[in-house]
Amino acid sequence: MLSEPRSGRLAAWGNALLAGLVSPDDAALAIVGEDTVHRVEGLPGESAQVGLTLALGRLRTLGVTGLRVALPAPGHPLGLSGPPEFNARALEAEEAVVCFGAAIGLVPRVHEAGPAGDVHAEVVWQVLPVREAPPADVPSLGEAERELAEALRDATELLSKLDVAGSGPVAEAAIDAYRARAERGREVLAPGYPPRAVRVLELAQRVGLLVTLAHERGHGGAVSSSEMAARSQALRPVERTARRAQVAAYNSLVEERERGAR
C-alpha cells in the first residue's frame, strides 16, 4: 500500500469526470499515471478493446453515475457484492471498480515489460457483470477514521517491540520518501472529494506503509518462524483496517450521493 491502487485512481478521477469537475482527457491522464496505456475490454456495445477516454464516456451513457473501489483479500471480500465470477477475478487482481447505476464492474489485468528500473505497465480493464447489492464491509468515513487512529497506535507499538519501526537505513529511507511525497502536496484524491476523505486516505496510506515495512524490511527482532508467524498474525487486522479505510475514502462521493437520493 505504498502507492495508490489503480482502481483508486480510476474511481476517484472517474467520479470527478462524472461530476463534471474535470475533462475526459485530464481524467484519463490521471488514471493512467505512470503506466504506459490503459484500455477497456468487454464494454457493452464494443466488440474490441477501446481507449480509456471513450470508455469513460460510454459508462456515462450506460447509466453509470458513480464508481466504487473494492480491495478484496483472501477471506475478506471488501467492497464486493458478487457474483462469484466477478469476485474471483477481483480477488485474483486484489482490486476492482464497481459501477453505481449499472450492473457492471471493471477488473485490471496488468502486463509489465522492460528491465529492472525501467518497467512499463500496460493495463486492460475487463468489464464484467456485477450484482447490484451493498458492497461488503465498507465503513463510513467516520468509522474508518476512528479505526485508523487505533490501528496506527497499535502498529507503531507492535513494530517498536519487533525492532522494525524506525530501525535501519532502509526503513528510514522509506519513511523519508513517504514524508517527501506528502510535503510536495501531491493530489491524494481527485477534485470533489471532501477534506475528510483526503485525511482518511492519507492516514490509511501511512498505516499501510508501516505494515509494508514490517513485512518487507528485514526480520528485526523476529528471528524464528513462530515469531514471524506471530508478527503476520498481529499485523493482519491492522492491514485490514487500512484497506477498509482506503475503500471508504474512495467510495465516499458515491456513498454521499446515494444517501442524498434516499
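Note: hydrogens, waters and symmetry copies are ignored here, and every other heavy atom, side chains too, is used. Quantities reported herein were computed from a predicted structural model and do not represent experimental measurements.
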Contact check, side chains of Gln205 and Gln246, non-hydrogen atoms, under 4.5 Å: yes
Leu62 and Ile104: CA distance, side-chain angles, deciding distance, side-chain contact (heavy atoms from CB on, under 4.5 Å) verdict: CA-CA 10 Å; Leu62 290 170; Ile104 55 176; 4.1 Å; yes
Short side-chain to backbone donor-acceptor contact, Arg109 and Gln126, under 3.5 Å: no
Minimum-distance pair of heavy atoms, taken over all atoms of Ala190 and Ala12: CB-O, 3.4 Å
Residues Arg9, His38; criterion side-chain contact (heavy atoms from CB on, under 4.5 Å); working and verdict: CA-CA 12 Å; Arg9 294 203 305 267; His38 283 218; 4.2 Å; yes
Val97-Val110 co-clustered via ILVMFWY side chain contacts under 4.5 Å: yes
Inter-residue atom distance Leu80.CG - Arg131.CZ, 0.5 Å rounding: 10.5 Å
Shortest non-hydrogen contact from Leu189 toward Ala249: CD1-O, 4.5 Å
Hydrophobic cluster identity match, Leu253 and Leu201, side-chain contacts under 4.5 Å: yes
Heavy-atom closest contact (Gly14 atom, Leu67 atom, distance): CA-CD1, 3.8 Å
Closest heavy-atom pair and its distance - Gly66, Val64: O-CG1, 3.4 Å
For the student: nearest non-hydrogen atoms of Arg240 and Gly75, plus distance: NH1-O, 4.5 Å
Rounded distance [0.5 Å steps], CD in Glu41 versus CG in Leu128: 9.5 Å
Sidechain-backbone polar pair: Arg60 side chain, Leu17 backbone, donor-acceptor under 3.5 Å: yes
Within-4.5 Å side-chain heavy-atom neighbours: Leu78 and Val138: yes
Polar contact flag, side-chain donor to acceptor under 3.5 angstrom, Asn15-Tyr193: yes
Identified side-chain contact (heavy atoms from CB on, under 4.5 Å) partner of Val98 from the options Val130, Val107, Val254: Val130
Flag side-chain contact, heavy atom, 4.5 Å: Trp13 against Leu56: no
Stepwise side-chain contact (heavy atoms from CB on, under 4.5 Å) test for Leu59 and Leu43: CA-CA 8 Å; Leu59 289 177; Leu43 197 63; 3.9 Å; yes
Pairwise side-chain contact, Val40 with Leu52, heavy-atom cut-off 4.5 Å (strictly under): yes
Shared hydrophobic cluster, Leu91 / Leu106 (ILVMFWY, side-chain heavy atoms < 4.5 Å): no
Beyond-backbone contact of Leu18 with Thr65, side-chain heavy atoms, under 4.5 angstrom: no
With Glu112 via salt bridge (charged side-chain N to carboxylate O under 4.0 Å, His left out) - residues at least two apart: none
Salt bridge flag under 4.0 Å for residues Arg206 and Glu202: no
Minimum side-chain heavy-atom gap Glu4-Tyr250 below 4.5 Å: yes
Step-by-step side-chain contact (heavy atoms from CB on, under 4.5 Å) determination, Arg6 to Val123: CA-CA 9 Å; Arg6 290 181 172 89; Val123 181; 3.5 Å; yes
Any pair counted as side-chain hydrogen bond (donor to acceptor under 3.5 Å, both in side chains), so long as it reaches residues 78-105, sequence neighbours left out: Ser7-Glu95
Leu21 to Gly192 - nearest heavy-atom pair and separation: CD1-CA, 3.5 Å
Contact check, side chains of Val127 and Glu46, non-hydrogen atoms, under 4.5 Å: no
Sequence-distant partners of Arg39, salt bridge (charged side-chain N to carboxylate O under 4.0 Å, His left out), two or more places apart: none
hydrophobic_cluster_shared for Val207 and Leu141, side chain cutoff 4.5 Å: yes
Nearest-0.5 Å distance that lies between atom CD in Glu145 and atom CG in Leu203: 7.5 Å
Validation row: Cys99, Glu132 side chains within 4.5 angstrom (heavy atoms): no
